[in-house]
Protein chains: 2
Amino acid sequence: MSKSARKPNKPVKTRPGRTGLSRPRLIDEALELLQESGLAGLSTRRLAERLKVQSPALYWHVRGKDELLQLVADAICAQMVLPAKARSPRERLEAIAHEYRRVLTAYRDAPRLFAEQPPVGPNRIKLYDAAVGALLDEGFPAADAIAMATFYRHYLLGMIIEEVRDQQPGHIEAPFSAFALGVELTRLGKAASEFPNLAGAADLLTHMSPKKLFAMGLKVLLDGLQAHLNP
Amino acid sequence: MSKSARKPNKPVKTRPGRTGLSRPRLIDEALELLQESGLAGLSTRRLAERLKVQSPALYWHVRGKDELLQLVADAICAQMVLPAKARSPRERLEAIAHEYRRVLTAYRDAPRLFAEQPPVGPNRIKLYDAAVGALLDEGFPAADAIAMATFYRHYLLGMIIEEVRDQQPGHIEAPFSAFALGVELTRLGKAASEFPNLAGAADLLTHMSPKKLFAMGLKVLLDGLQAHLNP
DNA sequence: ACCTGAACACCGTTCAAGT
DNA sequence: ACCTGAACACCGTTCAAGT
């Protein structure tokens with residue numbers, strides 16, 4: 001994947017002034033840059049530098065940075081293995097969810113990338129289509145299936161964003177991680193008595209694994225869908 | 001709120017070199033700038049210009065841009081009216097959700113701001129505490145209540161983000177709006193047959209109001225929570 | 001067709017210096 | 001204590017010009 005089409009030892013000089021730039025190479029290198037430097041480090045200029053090209057060169061292959069990011073997101077999405085249609089709808093929805101989580105946690109800042117960029121591109125649409133398909137097979141009327149697929153997506157994305165945020169070293173400000181919540185509560189100082197329900201929260205959060213949390217949330221969502229189906 | 005502490009006609013010259021800058025004034029003006037120019041337009045330099053101050057001056061009152069954004073988010077959060085504890089837990093959760101939606105849709109780019117910045121600050125924590133409180137009263141064990149509150153938050157945020165994205169004029173790329181999905185499907189061209197389940201989706205999405213969608217998603221979530229409580 | 005050079009209009013932040 | 005001036009190290013993008 002990331003080790004594709006690199007220049008061989010003897011550079012294939014197609015023509016003078018030609019650098020062998022291409023959309024796939026852009027995407028490939030952008031993915032590596034994302035892994036190394038995160039979303040903030042993925043700038044057009046740094047990407048150009050990596051490709052040994054002046055940054056305006058990118059704009060011949062890509063409309064702008066947003067399109068580049070959408071292409072990167074779609075490339076990440078391409079790695080998800082969608083479940084076979086033979087399996088039950090609920091199993092499919094679960095499988096999609098876990099694939100989503102698996103792939104998005106594998107790439108640095110991928111959850112944020114997916115949340116920021118609109119779901120554009122064949123692979124992201126394909127994923128959406130798969131979710132809608134499962135919901136249709138579950139028995140939802142078409143309009144509901146589409147709505148539910150949207151909920152489903154946001155739910156997953158939100159949970160994965162939070163899970164990943166906690167993993168970032170130094171990024172302990174998010175008070176939904178055990179440690180950070182404690183920090184924030186003490187930072188807010190004596191007013192902490194205003195938050196009676198969060199008193200023991202910090203401790204409790206320590207004992208929950210992200211994977212279990214994710215599975216728990218998924219179950220809540222799927223049960224909610226089921227309830228909507230059989231009122 | 002936004003019309004507070006502005007300089008009167010006769011500027012109160014406290015001391016030479018003193019500009020009357022303060023944290024509340026920063027937050028106030030930042031909120032207005034956000035309304036006018038959106039999240040991308042809310043830069044430290046533009047904010048300084050509005051306050052008739054050199055941009056480094058801000059750094060005496062605020063640690064950096066992130067802290068500023070967190071303060072802004074917390075100020076927005078302060079406008080939410082939390083439900084009385086007398087009401088039933090489910091009613092409270094519904095009320096919180098609708099307040100969340102009401103306030104976040106009132107401020108430009110507020111949903112994105114809330115998603116990007118970690119939930120730090122007294123008002124955001126208070127909101128979190130209120131949700132956890134309702135869930136505890138509903139009968140959840142403490143650990144579950146905290147987990148559920150996290151799901152709840154992400155769910156709401158995700159749905160509101162998508163709803164607002166569609167409202168932005170020109171920002172029609174998100175294929176979860178009726179129009180944009182149609183655009184994207186045709187953009188992907190002949191491969192559209194790969195997405196059998198999305199065929200009529202564009203039309204269906206047209207007939208769903210954001211408010212109804214939001215309420216529907218909320219019901220799904222709350223039903224899911226209920227199912228978790230009574231298995 | 002594909003890329004460079006130069007430029008434009010921005011960013012967030014630091015830090016010595018002023019008052 | 002509170003702010004300015006100057007500077008640093010960046011951004012994304014446009015556009016004429018080159019090959």
Checklist entry - In whole Å, what is the span from the CZ atom of B/R23 to the C1' atom of D/dC2? => result 15 Å

Next on the checklist: For the P atoms, the ones on C/dC10 and on D/dA9, what distance do you get once it is rounded to whole angstrom?
Outcome noted: 22 Å

Item to check | By salt bridge (Lys or Arg N to Asp or Glu O under 4.0 Å) - contacts of B/R101 (at least two apart) | outcome: B/E163

Checklist entry - Just how far, in rounded Å, is P of D/dT13 from CH2 of A/W60? => result 18 Å

Item to check | Spacing of A/K65 atom NZ relative to C/dC10 atom C1', expressed in whole Å | outcome: 14 Å

Checklist outcome for this item: Closest non-hydrogen contact found for B/A48 with B/S55 is CB-CA, 3.3 Å

Checklist entry - Who passes side chain to side chain contact (heavy atoms under 4.5 Å, CB included) against B/N197, sequence neighbours left out? => result A/D129, A/V132, A/L136

Checklist entry - Side chains of A/L113 and A/I76: does their closest heavy-atom pair fall under 4.5 Å? => result yes

Next on the checklist: Rounding to an integer number of Å, can you tell me how far B/R63 CZ sits from C/dT14 C1'?
Outcome noted: 15 Å

Next on the checklist: Rounded to whole Å, how long is the line connecting atom CD of B/E67 with atom C1' of C/dG12?
Outcome noted: 15 Å

Checklist entry - Taking only side-chain nitrogens and oxygens of B/H61, does any of them come within less than 4.0 Å of OP1 or OP2 of D/dA1? => result no

Checklist entry - Residues two or more places apart in sequence or in another chain: which of them pass side chain to side chain donor-acceptor pair (under 3.5 Å) with B/E67? => result none

Next on the checklist: Give me the atom names and distance for the closest heavy-atom approach of A/L47 to A/L58.
Outcome noted: CD2-CD1, 4.2 Å

Checklist entry - At their closest point, which heavy atom of B/Q117 faces which heavy atom of B/R124, and how far apart are they? => result O-NH1, 3.4 Å

Checklist outcome for this item: Its dot-bracket string being built from Watson-Crick and G-U pairs below 3.5 Å, with | for another strand and [ ] for crossing, DNA chain C has the pattern ||.|||||...|||||.||

Checklist outcome for this item: Closest heavy-atom pair, B/H61 versus B/R23, reported as atoms and distance to 0.1 Å, is O-NH1, 3.1 Å

Item to check | Interatomic distance where CG belongs to A/L42 and C1' belongs to D/dC11 [whole Å] | outcome: 13 Å

Item to check | B/P56, nearest nucleotide to its side chain (from C/dC3, D/dG12, C/dC15) | outcome: C/dC15

Checklist entry - Near DNA chain D, which residues from residues 46-55 of chain A have a heavy atom under 4.0 Å away? => result A/R46, A/S55

Item to check | Residue pairs, two or more places apart or on separate chains, that pass salt bridge (charged side-chain N to carboxylate O under 4.0 Å, His left out) and touch residues 33-49 of chain A | outcome: A/E36-A/R50

Next on the checklist: Just the rounded figure in Å: distance from P of C/dA17 to OH of B/Y59.
Outcome noted: 21 Å

Checklist entry - A/R45 has an atom CZ; how far is it from atom C1' of C/dA7, in whole Å? => result 10 Å

